[in-house]
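See structure below.
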Amino acid sequence: MSVPIAYAYASMILILSGIWGALGCEHILRRIMALNILGSGVFLLLVVFAYRSPDIPPDPVPHAMVLTGIVVAVSATALGLSLARRIPATLDGAPPRLPDKDASRADPWPAGRDEEA
Amino acid sequence: MILWLFDLLLALTLVGLAWRVLAAPDLLQSVVLFIVFGLLMAVAWSRLQAFDIALAEAAIGAGLTGALLLNTLARLESSTGSTSSTSSTTSTPPAGPTSLNRAAEATQPLPRSHGEASEPAPNREDGGEASRENRLVAIPGAKPRPRAAWLSLLGLLMMLSSIMLLGAVHQITRPEEGLREYVLENMEASGVAHPVTAVLLNFRAYDTLLEMGVLLVAVIGAWSLGPLTESALPGVPPGRLLVGLVRLLAPLIVLVSGYILWAGTGQPGGAFQAGAVLSAAGVLLVVAGVVPPPTLQPVHQRVPLLIGLSFFLAVGLGVMPAGQNFLQYPPAATSTLILLIETALTLSIALTLLSLFVGGPRQAANERVEPNEPYRENGVEES
């Protein structure tokens, strides 16, 4: 069992950093990448479970699940990116100044900015 | 011993790469590191004797996801760049790609700003460009979270997850569980010689059928969002070398894909890997401008998109009048049916992934859809 133990702990850290990044990162592209890292961690854990020993072939069922998972993950990623690509256009179409005055971060487009200038 | 060291180093590198992907200040760097992460995952899969997954990861995780991310990054930058230069009434000159990139990341990811989370970031006040970029690329309209409460909640979640994960990791000391023996006992009835293909297309064919449904829903979802209004990339036209190389490579890639599909019955390979490789050929052809991106309007483009799911479903239902259960292939025809289904799946997966790469119907750059106006019926044009 000496081979997968390093990968088992690596998968654990990958899952944790994926959760951390998906919830904590601000940029949408980075969040999507974090979700992919989270997925990779889960896949790695499944494949570590499937591993037997260098001489015995591994369990094929988790392998099939991971294969399915990889393809589903890439399609979900692509859908997410496709949504992300629409955000600038949506903002163009949105009212130019959203009423988020109570934001703790500064309003990037304060209503009076143009008049002041 | 050396291999053990290699495993340790690889695992550490994967963790380090994941960390840099989430924390690198430059978004382009982070995307490139993510591609490297996918490639090294493929090495890890082969160390764990998961050769099917290694193939799929090399084609999808590193190749296709990387292309998707780079494409989206470039589009986001070009749209936000054009937005800031056209709608900007301030005197700020439009920033170059690199500084846009940096500016987009002015909001640091949490892991880096952990220490200074309680104090409000001072540089958000002055940044004309930076704040606008944040606005464009962060989730629009989202209420900012109270930092301290959010961080402690996230920390609690991480702690709980790590406890559960530790429990899971410790289960690997009981290796004799699992379905491996059942699969191996029934291999003769499966119609193929490779256990993973047997599981995918026979023992658990239902999963694969539903997965094709998921792929179709993803394409429908992405293409139902209306035409892409973003401006075209500030164009470096594809060089002659690229076009020539792609013309040379594309037939070769198709050949490799066919081989992977065929090999899948007896060794690592199969419909997923073949479809991913085939879609890579499509992506290359579209990127090099040899072939126009699919519009999914003509019938001959829609049929391959649907053929995987529909043929799979037809076979599953077609065996039922003969007294079999849903998806229970008749023993005499099992091998043939599986190969036919895999061929259909390969075509569907390839076109699905290519359509997802293209991202949606195009629209000529000069006719942008007006804000709040419902999309016109034939606003879809081939670019």
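Note on naming: letters A, B, ... go to the chains in the order of the sequence lines (proteins, then strands), and numbering restarts at 1 for each one.
Between atom CZ of residue B:Arg75 and atom OG of residue A:Ser82 there is a gap of 11.5 Å, rounded to the nearest 0.5 Å. Once rounded to the nearest 0.5 Å, the distance linking OH of A:Tyr9 with CG of B:Leu12 reads 13.5 Å. The CZ atom of A:Arg30 sits 11.5 Å away from atom CG of B:Leu69, with the distance rounded to the nearest 0.5 Å. One finds the CG atom of B:Asn71 at 5.0 Å from the CZ atom of A:Arg85 (value rounded to the nearest 0.5 Å). How far CD1 of B:Ile53 is from CZ of A:Phe43: 9.0 Å, rounded to the nearest 0.5 Å.
Contact annotation for A:Thr77: only side-chain heavy atoms (C-beta onward) come within less than 4.5 Å of a heavy atom of chain B. Both the backbone and the side chain of B:Leu8 have a heavy atom closer than 4.5 Å to some heavy atom of chain A. Heavy-atom distances place both the backbone and the side chain of B:Met158 under 4.5 Å from chain A. Within the 4.5 angstrom heavy-atom criterion, atoms from both the backbone and the side chain of B:Val15 approach chain A. The contact between B:Val358 and chain A is made entirely by backbone atoms, counting heavy-atom distances below 4.5 Å. Using a 4.5 Å cut-off between heavy atoms, A:Leu46 does not touch chain B at all. Contacts between A:Leu16 and chain B at a heavy-atom distance below 4.5 Å involve backbone atoms as well as side-chain atoms. The contact between B:Phe37 and chain A is made entirely by side chain atoms (from C-beta outward), counting heavy-atom distances below 4.5 Å.
In this structure, the side chains of A:Pro57 and B:Gln49 stay at 4.5 Å or more apart for every pair of heavy atoms. Inter-residue side-chain proximity for A:Val74 and B:Leu68 is flagged as met; some heavy-atom pair is nearer than 4.5 Å. Considering only heavy atoms from C-beta on, A:Ile5 stays 4.5 Å or farther from B:Asp7 through its side chain. Inter-residue side-chain proximity for B:Phe272 and A:Thr68 is flagged as met; some heavy-atom pair is nearer than 4.5 Å. Using a 4.5 Å cut-off on side-chain heavy atoms (C-beta onward), B:Trp150 and A:Leu23 make contact. A 4.5 Å side-chain heavy-atom check between A:Leu44 and B:Trp45 finds at least one atom pair inside the cut-off. Between B:Arg180 and A:Pro60, some side-chain heavy-atom pair lies under the 4.5 Å cut-off. Proximity of B:Trp19 to A:Ile13: side-chain heavy atoms (C-beta onward) are nowhere separated by under 4.5 Å.
Looking at every heavy atom in both residues, A:Tyr7 comes nearest to B:Leu48 through CD1-CD2, 3.9 Å. Here the closest heavy-atom approach between residue A:Val47 and residue B:Ala50 is recorded as CG1-CB, 3.9 Å. Heavy atoms only, all atoms of each residue included: A:Leu14 and B:Leu14 are closest at CD2-O, 4.0 Å.
Here B:Thr72 is the residue among B:Asp207, B:Thr72, B:Leu17 with the most heavy-atom pairs under 4.5 Å with chain A. By number of non-hydrogen pairs under 4.5 angstrom with chain A, the leading residue of B:Gly360, B:Ala276, B:Ser162, B:Ala56 is B:Ser162. In terms of heavy-atom pairs under 4.5 Å with chain A, the best-connected choice from B:Thr352, B:Leu3, B:Leu10, B:Val219 is B:Leu10. Contact tally against chain A (heavy-atom pairs below 4.5 Å) for B:Val199, B:Val214, B:Thr65: the top residue is B:Val199.
The side chain to side chain donor-acceptor pair (under 3.5 Å) contacts involving residues 216-227 of chain B comprise nothing, where partners must be two or more places apart or lie in separate chains.
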